Structures are given as structure tokens and as C-alpha cells.
2 protein chains.
Amino acid sequence: MSSKIQVALADADVLCRVGLSGLLAKISDTEIVGEAGNTEELLRILQDDHVDVVIVDYNQPKYFDYTIAAQIKKISTDTQILVISSDSRRERIYQVLEDGVSSFLTKQCDENEILDAIAATAKGEKFYCHKILDMIIERSFPSKDEDCTPTSLTPREKEILTLVAKGKVAKEIAAELHISPHTIYTHRKNILKKLQLTSPTEMVVYALEHGLIDLQSLN
Amino acid sequence: MSSKIQVALADADVLCRVGLSGLLAKISDTEIVGEAGNTEELLRILQDDHVDVVIVDYNQPKYFDYTIAAQIKKISTDTQILVISSDSRRERIYQVLEDGVSSFLTKQCDENEILDAIAATAKGEKFYCHKILDMIIERSFPSKDEDCTPTSLTPREKEILTLVAKGKVAKEIAAELHISPHTIYTHRKNILKKLQLTSPTEMVVYALEHGLIDLQSLN
DNA sequence: TGGTAAATTAGACTAATTATAAATAAGATC
DNA sequence: GATCTTATTTATAATTAGTCTAATTTACCA
């Protein structure tokens, strides 16, 4: 077995994989063990070969989703995960970070930043780009003026927001949760007030922006 | 001046640009004149240098949008445009194709397909990947069972759908358009019927999927 | 010039929602 | 343990939004 760092590329877009290969070629002690265009392919690689680092974009519906980190860790605990994604949804990002992702970049990061991140992750260190670092800090020390509203919703409110955003009307939600329609009205009113929205349709936009639902999952 | 084909890369993600550079390196008679991470940078390149082919992803809000083809043609009429995007919104794609895009790929296309497309576009030929070709054919010969519903909406209905999707309620729309709320109700009912939807919130999802509105423009 | 589709609206009716108020339960704090 | 807060739940009455039916106007096409 080679002593080089074994890297697996997981991205639905072949273009990004080519880009990553190109960048990895500049780091001498790394070696690509495999490329995966979807979750299934990635898990197969992890089962068949030893992988030190997985570079993955989890925000590619149908190919990779936010559960990918947990799935990777389940098969191969010691594999380090480097995320390169364009996701901007705070809650989703926090969730992924909690699932054991070592490093997190956006696809907008420049070349040097990506190279540094790959090198750091390979060595077992963590690396976060500025945008993600800001989010982590914001979570630890929330500022007053710019509050992170999604967390201010109660679990029940989030649940109802999700259902509203999926196009269900109050009566349907009430039937589904076995509670009174009035309860839905109250929750919905509180949600609208908390988020400073005025109509249920605005809730859809809000839910989409904050990753409570996503377009693909609605079909 | 070199006799090689001058190519400009326009993609907000550095990773994709690296990927494209890597692929272009395999085509001997091409040369990269410049890389642009946003519209402004691209237009500057077009003004300063001769560009035969622009490879661009127009679906990157804040960096590139669907008007990019028209903007490119305005500065440099003879420049061929190769789109590599992940957009799945029919109407938007038709629009871009009408703006003089020579070739259209998705980022999911495999390496050979991308190489062929670049080579073809550089020679002044057109190249469409299967997914896009299917859409073009579907537009020319619409099938009965799977009708392309967005076009079946009247202009007024589209207008109202857009406003509904922006979170406005019937009364607000009525005030804005100086017509009776009843008119809005009627239009909305007809839209829901035509699109086989059941609630205004579903209209938001529909409008997003078909590019009538986009998340970024709502803020 | 009659036919067709689009856009508009009203009246009567029904359903959905709000306002207000309040009960219950769980957790934290003192 | 008593109390305070927050989350969750619900109801009645009042209000608003929306549907159904039907009809009018406009514009454009054959």
C-alpha cells in the first residue's frame, strides 16, 4: 500500500471533480483512490479501499445530501471529511459540522485556500473558510441586531412551518397532527410574528432559504 | 496574435474554472485568454481581448445571470457562447438559447461530452447535451400527456402568479394592479386549475421551479 | 361579423382566519 | 415546593378571504 494520503472525490459534477484532481496534483503526497458522482459510488469506494480524506459537496440533491457525513463516518470512522459546497443555509451547515466534518469550504474560495484546506485536512487538522468561520462565531456569540431567527422557533413551530411550506393548509395539517385547526392558526400566527412575515406564501420562501425544506424534496 | 482559439472562462466557482482549464489543456489548439468570476470581469476581458469562445454558467446569482448571453453578444458579436450550467428551468433555458447561445451542457455531462462540445463550439458548430436536446424537441413537438404548462398561462395569469409567489395576498395585488380582488380570485383559481395545484403556497414552489421568480431576487 | 379567448367584475354563499382569552404541561429559578 | 416562564393546546365570537355562478367587456382572428 502506498504511503501517500488517499483521497476520494465525491461530487456530482464531473467538472468539479476534474478541478479537484487538478488542484490535488499540486500537492505531492496525495493520491486519488476514486471518484464518485453519487452517494452509492462513494460508499462503495469507502468499503473497498482505505480512504484518508473524502472531499464532498453534500448539497446536490439526488446525488449527495446532508446525511453524507454520518454515512461516511459509519463505514470508516477515521476518514476525514472536507466539504466544498455552496450551501448558505446556516442550520444545515451547523448540522453538517456536528456530524464530524473536519473542514468546510465554499466553491467560491480561491485556489490557495482550497489547497491549504486539502493539505490541512489530510494532516488531520481542521480548516474552515472565512464565511463558515463567521457562522461558527455567530453561533457561539450571537449579536443583538442580527439575530439568527430560525433557532427562535420552537420545535412545534418549525414542524408546522415545514408543513405550511409544503403547500398544506391549516385543516390538513391539523388532521395530520391530530390537533385542532385553531392550534395551527395560533402557531402560524406566532411564526409570522416571530419572523416578521405577513403571509403563508412568504413562509415558503423563508423555509426554502433556511433549508427547512428544499425544492427537490417537494416532488 | 496567436492562431489558437481564444477561450474565456466565466464561472463564479474557481473549482469549475480549474476543471475547465484542465479539460481545455487536452485540446491542443485552444488557449485561455482570461478567467472571470463575475459578469464585470468577463465584460472587461471581452473589451480588452479577442475572444472566440466564452464558456459560462449563467445560473449563478450575483455573479452571472441569464442576461449574460445578450451582454456578451452586444460587446462581441462573433464570440461563440458555450453554456455549462445546472439550470433545469425550461423557460429560462429556452430564453438563453434564443439569446444566441451556440452550445449548452449541464455540469453533469461527462468529460468526453464536454470536450466534444468545446471543440465543436470553437469550430463554430453547435452542441447540445441530451437533456437540452430533449427540451428543444419537446418544445418543437409537444407531447400530449406531458404538456409544458408554463406557456399555457396567459400573460396576466403569469403576472399574478409572480405576485402571489412573492408573498402578496389577493387584496394587495388587487390594489397594485388597480383591479377588483375578485379578479385576482378568479385568475388565481384558473392558475391553480391549469397547473393542477391546490394552494397558493404551492404556487411559490411552482414559480421557483420554472424560473418565474428566484430566491435571490426576493430580498 | 360572428366566434373565441382573455380579462374583468358582482352577489350570494362558504370557508378560512384572527382576536381574545384561557387552560394545561414542562422546566427553570428562587 | 412555590412561582415564573415558555410551549402547546383549545374555544367563542368577529372578521376576512375565497368560491361559485354568472355575466360583461375587450380584443383579435377567421
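A quick note: this is a predicted structure, and the numbers were derived from the prediction, not measured. Letters A, B, ... are given to chains in the order of the sequence lines, protein chains preceding strands, and every chain is numbered from 1.
- A donor-acceptor contact shorter than 3.5 Å is absent between the side chain of B:Ser199 and the backbone of A:Lys168.
- Of the charged side-chain nitrogens involved, at least one lies within less than 4.0 Å of a carboxylate oxygen, so that A:Glu159 and A:Arg156 count as a salt-bridged pair.
- Distance NZ/B:Lys158 to CD1/B:Ile191: 11.0 Å, rounded to 0.5 Å.
- As a whole-Å value, the separation of B:Lys158 NZ from C:dA6 P is 12 Å.
- The shortest side-chain heavy-atom distance between B:Ile213 and B:Lys166 falls under the 4.5 Å cut-off.
- Residue contacts for A:Ser180: at a heavy-atom cut-off of 4.0 Å it reaches the sugar-phosphate backbone alone, with no base atom in range.
- The CG atom of A:Leu15 sits 5.0 Å away from the SG atom of B:Cys16 when rounded to the nearest 0.5 Å.
- Between B:Leu153 atom CG and C:dA5 atom C1' the separation is 14 Å, expressed in whole Å.
- Taking five base pairs at each end of the helix from C:dT1-D:dA30 to C:dC30-D:dG1 and finding the rotation axis that steps the C1' atoms of four pairs onto the next four gives two axes whose angle is 40°, to the nearest 10°.
- The backbone N or O of A:Tyr206 sits nowhere less than 3.5 Å from a side-chain atom of A:Glu209 that would complete a donor-acceptor pair.
- As rounded to whole Å, 14 Å separates atom P of C:dT8 from atom CD of B:Glu176.
- Between the P atom of C:dA7 and the CD1 atom of B:Ile184 lies a distance of 12 Å, rounded to the nearest Å.
- Separating the CD1 atom of A:Ile179 from the P atom of D:dA11 is a distance of 11 Å, rounded to the nearest angstrom.
- Note: CD1 (B:Ile191) to P (C:dT8) measures 11 Å, nearest angstrom.
- Residue B:Pro181 is out of contact with every strand shown, counting any heavy-atom pair closer than 4.0 Å.
- The side chain of B:His187 contributes no N or O atom lying less than 4.0 Å from OP1 or OP2 of C:dA7.
- Atoms CG (B:Leu161) and C1' (C:dA6) sit 17 Å apart, rounded to a whole Å.
- The side chain of B:Thr154 contributes no N or O atom lying less than 4.0 Å from OP1 or OP2 of C:dA5.
- The distance from atom CD of A:Gln108 to atom CG of B:Asp11, rounded to the nearest 0.5 Å, is 9.0 Å.
- Distance CG (B:Leu177) to P (C:dT8): 8 Å, rounded to an integer number of Å.
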Residues A:Arg17, A:Val14; criterion side-chain contact (heavy atoms from CB on, under 4.5 Å); working and verdict: CA-CA 5 Å; A:Arg17 297 204 302 272; A:Val14 69; 3.8 Å; yes
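- Of the inter-residue distances, the one linking A:Gln6 atom CD with A:Ile45 atom CD1 reads 11.5 Å to the nearest 0.5 angstrom.
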Sequence-aligned protein contact record of nucleotides 11-25 of chain C, with B where the base is within under 4.0 Å of a protein heavy atom and S where only the sugar-phosphate is: BB---SBBSB-----
